[in-house]
Amino acid sequence: MLPRDATLYLCCVLIDMMTGLVSFTVARRAGDMGVEAAMLGVIGGAFFISYAPLAPLAGMLSDRLSRRRLMLPACGVCGLAILALMRVTAPWAVAAAMALFGVGMAMFWPPMVAWIAEGKSGRRLARSLALYSLAWNIGVLLGNAFGGILYVTAVPLQEMPSEITVPESLAAKAKYDPETGRLQLSGTMKDADVERLAVLSSEPSFRRAVDQLVYRSRHRPAPLVLAAFLPVLVALLLLLPSRPTKAVKDGNGMKESTSPPAANAFTRNPEDGTDASSPSRAQGLPLVVYLWTAWLACFATTFSGKGLQALFPKLADALDVPAGVHGLLGASARAAAVVTFLLMQVSFVWHRRLWPLWLTQALLALGMLIVASSSAVPAFFAAFVLNGVASGYCFYASVYYSMEFYAANRKGRGSGLTEGIIGSGLLLGPLAAGLAGHLLGARAPYYFLAVAVAVLIGLNGLLVRWSKQNRSRLA
């Protein structure tokens, strides 16, 4: 019997491995099929059309109901959405299936975050949220990596009737049998090879047979087959009995102190495990200000990061970036986020400091400029790593401050609002970037996203300035 927290962390890995498999496969498949940039943005944002408004409601509902009662049907909804994605490729049908997938995830994540944070404060809360963040990012990393590997799995070609003369360009992989009137295709080929053969042969009968094969391979790609099993496993884990996690005394959470911090020393408060040099002593800003700035920074990183994820398949296809490399790019961003979570758990230097939020957003804007101006795969890796660092830091800070700010019986509300803000950024980013790509060209979305991040940094600065001027009203 696993401890409760260990079971929840394992569920996080599995459920976001499913999300990684689905998001990668849907985006890459749409890019391979030549979907226009604007429609790529619609498909990338459809998930969050339902997720953004439903996540706060689900969080508040989980404060009234059992967390498990909301998460179990969420697994069923996700499974249905994946089954639909296995059967459709028309862009608007895919967008509808992704919206259904968003309903399931909105019912899952706010209760999960609130459940993990229950009964914890101070450094123990930070550790639990770091492990939660680590778990779901490992899931996305695995989903992206396996998505890229499984997506390019060779598709066996079967005998297909034809009465055509085999062109010389096809002779190595195709033989015509005059006795049976069949074109025998030997070995295995990838989707790109099949489509190349279709272009080489102008005969309608051969093209119809190839189109049927491509249709089958695109409707039931291997990543979605694997993804369909994962919500079933998560539901089983939630139903299995688990023992409560052993409680650890760590005081009553964050405490204010008027004593100035020692220079260059980050000593731990023995009463609650916090850093004695927490900048709240120096700046005197209310906790809600850090929550607001973290929310705005999280919106900036999700807005631009999701825009990159949704539109990059189009650029990757134009630059002939292989699907396997594309998957590893996404995995590198998740790996960078994981490292960021680990560092934030080791030290509380970041706690209630504003400059890390601004610095990570600046790094994200730099990453977007790299994608906009480069065609080299190593440069793309650097850009995706910067994106992972920024998204990891801002996400963790927003989740932590929301769980620190809201009381125990309202943590579902706090996690729901955080997820709703994240969902809003993830919805609007692909739509805005897709529109920029449609109107201005393939590189325009990344310049647009860099400018958007810079504007949001400026708004964050204005928010902090207003908060300092109205400190007494916020206390």
Side-chain angles (χ1 to χ4, degrees), residues 23-24 26-52 91-92 94-95 98-99 102 296-321 326 329-330 333 358 360-377 379-391 394-395 421-460:
S23 60
F24 175 85
V26 169
R28 183 72 192 201
R29 185 173 64 181
D32 288 347
M33 294 177 66
V35 176
E36 294 296 327
M39 193 64 212
L40 279 177
V42 172
I43 291 174
F47 174 97
F48 303 100
I49 291 176
S50 54
Y51 185 89
W92 286 108
V94 172
M98 288 300 292
L296 189 56
C298 193
F299 176 83
T301 54
T302 52
F303 179 90
S304 55
K306 188 61 179 180
L308 172 64
Q309 180 184 351
L311 273 295
F312 188 77
K314 192 75 173 178
L315 182 61
D317 184 62
L319 297 176
D320 292 326
V321 176
H326 181 192
L329 287 171
W358 294 333
T360 50
Q361 291 174 85
L363 292 176
L364 177 61
L366 174 61
M368 295 300 161
L369 292 176
I370 291 174
V371 176
S373 58
S374 178
S375 299
V377 170
F380 291 150
F381 269 106
F384 273 76
V385 167
L386 292 176
N387 175 52
V389 171
S391 62
C394 296
F395 169 82
I421 290 169
I422 292 171
S424 298
L426 296 173
L427 166 64
L428 297 176
L431 295 176
L435 182 61
H438 179 70
L439 296 176
L440 303 174
R443 299 281 187 169
Y446 311 105
Y447 287 113
F448 166 77
L449 292 172
V451 172
V453 172
V455 171
L456 289 168
I457 293 174
L459 291 176
N460 217 329

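Basis for what follows: all heavy atoms, side chains included, without hydrogens, waters or symmetry-related copies.
- Taking both residues in full, the closest heavy atoms of Val26 and Met98 are given as CG2-SD, 4.0 Å, listed atom of the first, atom of the second, then distance.
- One finds the CG atom of Leu449 at 5.5 Å from the CE atom of Met368 (value rounded to the nearest 0.5 Å).
- The heavy-atom pair separating Pro430 from Gly425 by the smallest distance is CD-O, 4.3 Å.
- Using cut-offs of 30° and 60° on the angle between ring planes, the pair Phe448 and Phe303 is tilted.
- The CG atom of Leu386 sits 13.5 Å away from atom CZ of Phe381, with the distance rounded to the nearest 0.5 Å.
- The line from OH of Tyr447 to OG of Ser373 is 5.5 Å long, rounded to the nearest 0.5 Å.
- Checking each of Leu431, Leu435, Ile49 against Val42 for a side-chain contact (heavy atoms from CB on, under 4.5 Å) leaves exactly one that passes, namely Leu431.
- Taking CG of Leu308 as the start and CG of Leu315 as the end, the distance is 9.5 Å to the nearest 0.5 Å.
- Ring-plane geometry between Tyr51 and Phe48 is classed as perpendicular, the angle between the planes exceeding 60 degrees on a 0 to 90 degree scale with a lower cut at 30.
- Checked against side chain to side chain donor-acceptor pair (under 3.5 Å), Ser391 has the following partners two or more places apart in sequence or in another chain: Arg334.
- Considering only heavy atoms from C-beta on, Trp358 comes within 4.5 Å of Asn460 through its side chain.
- Remark: Ile370 CD1 to Asn387 CG distance equals 11.0 Å, nearest 0.5 Å.
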